[in-house]
Amino acid sequence: MSVRVRFAPSPTGFLHIGGARTALFNWLYARHTGGQFILRIEDTDTARNTQAAVDVILNGLRWLGLDWDEGPLTSDATGPSHGGRGPYFQSQRKDIYQRRVEALLSRGLAYEHDGAVKFKMTREPVLMDDLIVGHVRRELTDREAVDPDFVIVRSDGQPVFHFVNVVDDLEMGITHVIRGEDHLSNTAKHIALFRAFDVSPPKYAHIPLILNADGSKMSKRDQGASLATYVDEGYLPEAVVNYLVLLGWSPKDNREILSIPELIERFDLPQVLRHNARFDMAKLQWMNGEYMRTLPDDRFYELCVHTFARAGVDTNRFPLPYVKAALDTCKGKLKTLSELPGYAGFYFNEVTQFDAAAAQKDFTPENKPRLQRLREVYAALPEFNAAPLEACLKSVAAELGVKAGVLVHPVRLACTGKTAGPSLYHLLEVLGREKSLARLDAALARM
RNA sequence: GACCCUAUCGUCUAGUGGUUAGGACACCACCCUUUCACGGUGGCGGCCGGGGUUCGAAUCCCCGUAGGGUCGCCA
């Protein structure tokens, strides 16, 4: 029997990073086994479920590169979809739920109570055999001992989560339910429901949760809880995917940077850990830097141009070769794209602000004649290229009897406004003689 | 309160009875580079506690403790 897994988010307006990982694990399992990955939208909460909220989910999955074999094609609940087990929006499946409720009612497995419909839950402990957690014997809690039955249809006619979730998994032929461990206790209810329908439940695999850095539960409000944060802050989807998969899963051989094809080949449920993991932003940053460094040039340019555009810098005003040359000096030096405008903005904007502490130290009266001398030499340089620029600076330093750093630091500050940035000689070459000398002059005027 | 899950460096993890407890991120030092980043070398740092079982426990069992989850006419 072919594997069928699903990701069934509720469109609340954002995609939780934990949800993204759940989707990833499901997707990887489907791809690993040659099965189907199904996307189902649990939009029963009509009050807050909007089409825009569905787009957040669809776009988030697309950004991560998690394509679904069955599910909606657009965020329109009544719109087109892929697959023969639709509709894939719960809001469009009311008659299916209705039929299932009636079936339970007619067989005496559910009953009406205060206008709602309650399911007759088993009084016995439920045994589960989880692919990750193992054997679990779920006893009734004290509250459940008083009344184990639970509502499956509210008095307003709306079926509840536990019910629709099970009915859909059943109708859609889901074979493996891979979801967060927060659902482990509820699984007893779900298993009982499957049995009431005379079908054997799917296999369950409960994955550990992602916690905040301090070990507390990661909720919507917490920094970094939304996938959008990583999109906005210039992370690469491949880095996010790689980082996420390592939270609760291990390839067991000390390797950490793994490509998607490698992940698909190696991912499996038995290697999923049982304990929760804390989110470590520093490690994600490191990993993002690793991916940034190996990005193909064209994609790097494209991402950089977008990043500048979002920061209000239109790089299209500059000749393409200039833009590319400028970006080439940044390649491999950034951990995230969001650092780019601050790192290389000087290529596209005038430098009006200088690092205060550095200016105090470098823009001094005694440095003025030194910089003036270097300016003269640079002005007369036949070729304004990195190699001669470096050689010249060094010979001027020697002539002046100072270390190269004495000239390097003020020049960098004058041309970029910062103390850190691309290789000095290469950035001067890209900037060109005219701009470089103008910036030197502006700095000299301040000394 | 009840029920369920979990527990190795600060963090992510390897480890399934015998290892000097390994790797990665972070941190520190040095090298490379007169910026930053990368890279290289070295360092710091861990089996939650207590009982068992065993010739021998990070590994198995029990009890604590701690963290997380669930007990809704939320999903």
Side-chain angles (χ1 to χ4, degrees), chain A residues 8-12 42-45 47-49 90 113-118 125-126 128 130 132-134 136-148 150-162 164-165 180-189 206 208-211 213-218 243 246-257 273-287 289-290 292-293 330-335 339 343 358 390 393-394 397 402-409 411-413 416 418-424 427:
Chain A
S10 186
T12 58
E42 307 219 332
D43 59 340
T44 53
D45 189 347
R48 57 176 178 166
N49 296 159
Q90 288 186 332
H113 177 81
D114 289 342
V117 179
K118 291 183 85 172
V126 176
M128 315 177 225
D130 193 278
I132 292 167
V133 185
V136 176
R137 178 189 168 93
R138 168 65 156 79
E139 310 262 359
L140 298 185
T141 66
D142 53 0
R143 284 178 55 95
E144 290 166 341
V146 174
D147 178 18
F150 59 94
V151 170
I152 54 174
V153 183
R154 297 182 204 121
S155 49
D156 66 0
Q158 284 290 322
V160 308
F161 163 76
H162 297 300
V164 295
N165 191 266
E181 197 211 73
D182 48 340
H183 287 296
L184 186 59
S185 291
N186 290 149
T187 303
K189 288 186 171 102
H206 286 91
L209 270 22
I210 297 178
L211 271 26
D214 66 0
S216 62
K217 182 191 180 182
M218 191 182 267
Y243 177 71
L246 256 24
L247 242 35
W249 176 82
S250 166
K252 309 275 189 196
D253 62 358
N254 282 339
R255 286 198 50 209
E256 304 212 85
I257 304 291
L273 279 304
R274 293 179 188 72
H275 61 268
N276 297 341
R278 301 182 189 204
F279 199 96
D280 183 359
M281 201 65 81
K283 185 144 187 178
L284 202 214
Q285 267 186 26
W286 163 77
M287 189 165 279
E290 293 291 300
M292 289 280 286
R293 205 164 295 122
C330 305
K331 184 85 185 280
K333 298 206 150 206
L334 305 167
K335 278 196 162 47
E339 297 163 31
Y343 190 81
E390 176 172 3
L393 183 139
K394 285 180 175 168
V402 297
K403 290 195 262 184
V406 172
L407 293 174
V408 167
H409 298 297
V411 173
R412 172 182 296 286
L413 190 63
T416 71
K418 315 252 178 184
T419 57
S423 158
L424 179 65
L427 79 82

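Letters A, B, ... mirror the listed sequences (proteins, then strands); counts begin at 1.
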Which value, in whole Å, describes the distance between the C1' atoms of nucleotides B:A37 and B:C5? 42 Å
Ring pair (Phe, Tyr, Trp, His ring centres under 6.0 Å) partners for A:His183, two or more places apart: A:Phe161
Can you check the distance between B:G49 and B:A58, where both ends of the measurement are the P atom (answer in whole Å)? 11 Å
Would you classify A:Arg293 as touching base, sugar-phosphate or nothing, given that sugar-phosphate means primed atoms plus P, OP1 and OP2, and contacts are heavy atoms under 4.0 Å? sugar-phosphate
Who are the side-chain hydrogen bond (donor to acceptor under 3.5 Å, both in side chains) partners of A:Lys418, not counting sequence neighbours? none
Which residues share a salt bridge (Lys or Arg N to Asp or Glu O under 4.0 Å) with A:Lys118, sequence neighbours left out: A:Asp147
Remember a base hit wins even if backbone is also touched, and classify A:Lys335 as base, sugar-phosphate or nothing at under 4.0 Å, heavy atoms. sugar-phosphate
Report the residues that fulfil ring pair (Phe, Tyr, Trp, His ring centres under 6.0 Å) with A:Tyr343, sequence neighbours left out, ordered by chain and then residue number. none
If a protein heavy atom is under 4.0 Å from the base, mark B; if only from the sugar-phosphate, S; if neither, -; do that for nucleotides 43-48 of chain B going 5' to 3'. ------
Take nucleotides 61-75 of chain B nucleotide by nucleotide from the 5' end and write B, S or -, depending on whether a protein heavy atom sits under 4.0 Å from the base, only from the sugar-phosphate, or from neither. ------SSBSBSBSB
Please classify the nucleic acid contact of A:Phe279 as base, sugar-phosphate, or nothing, using heavy-atom distances under 4.0 Å. nothing
NA contact type, A:Thr12, heavy-atom cut-off 4.0 Å: base, sugar-phosphate, or nothing? nothing
Would you say A:Lys333 places a side-chain N or O within less than 4.0 Å of OP1 or OP2 belonging to B:C38? no
Can A:Thr187 and A:His206 be counted as having a side-chain donor-acceptor contact under 3.5 angstrom? yes
For A:Ser185, check side-chain hydrogen bond (donor to acceptor under 3.5 Å, both in side chains) against everything at least two apart and list the hits. none
Not counting sequence neighbours, which residues clear side-chain hydrogen bond (donor to acceptor under 3.5 Å, both in side chains) with A:His162? List them please. A:His190
Contact class for A:Ala282 (heavy atom, under 4.0 Å): base, sugar-phosphate, or nothing? sugar-phosphate
Not counting sequence neighbours, which residues clear side-chain hydrogen bond (donor to acceptor under 3.5 Å, both in side chains) with A:Glu144? List them please. A:Arg138, A:Thr141
Would you indicate what A:Leu247 reaches in the nucleic acid, counting non-hydrogen atoms under 4.0 angstrom: base, sugar-phosphate, or nothing? sugar-phosphate
Suppose we define a pair by two distances each less than 3.5 Å, Watson-Crick or G-U wobble; what does B:C47 pair with here? none
Name the nucleic acid region contacted by A:Leu273, choosing base, sugar-phosphate or nothing; use a 4.0 angstrom heavy-atom cut-off, strictly under. sugar-phosphate
Those residues at least two apart in sequence (or on a different chain) that pass salt bridge (Lys or Arg N to Asp or Glu O under 4.0 Å) with A:Lys394 are A:Glu390
What nucleic acid atoms does A:Pro208 come within less than 4.0 Å of, heavy atoms only: base, sugar-phosphate, or nothing? nothing
Any N/O pairs under 3.5 Å between the protein and nucleotides 19-22 of chain B? List them or say none.
| from | atom 1 | to | atom 2 | distance (Å) |
| --- | --- | --- | --- | --- |
| B:G22 | N2 | A:Asn254 | OD1 | 2.8 |

Using a cut-off of strictly less than 4.0 Å, decide whether A:Lys331 has a side-chain nitrogen or oxygen near OP1 or OP2 of B:A37. no
Could you tell me which residues satisfy salt bridge (Lys or Arg N to Asp or Glu O under 4.0 Å) with A:Lys331, sequence neighbours excluded, listed by chain and number? A:Asp297
What is the nucleic acid contact for A:Gly289, judged by heavy atoms within less than 4.0 Å: base, sugar-phosphate only, or nothing? nothing
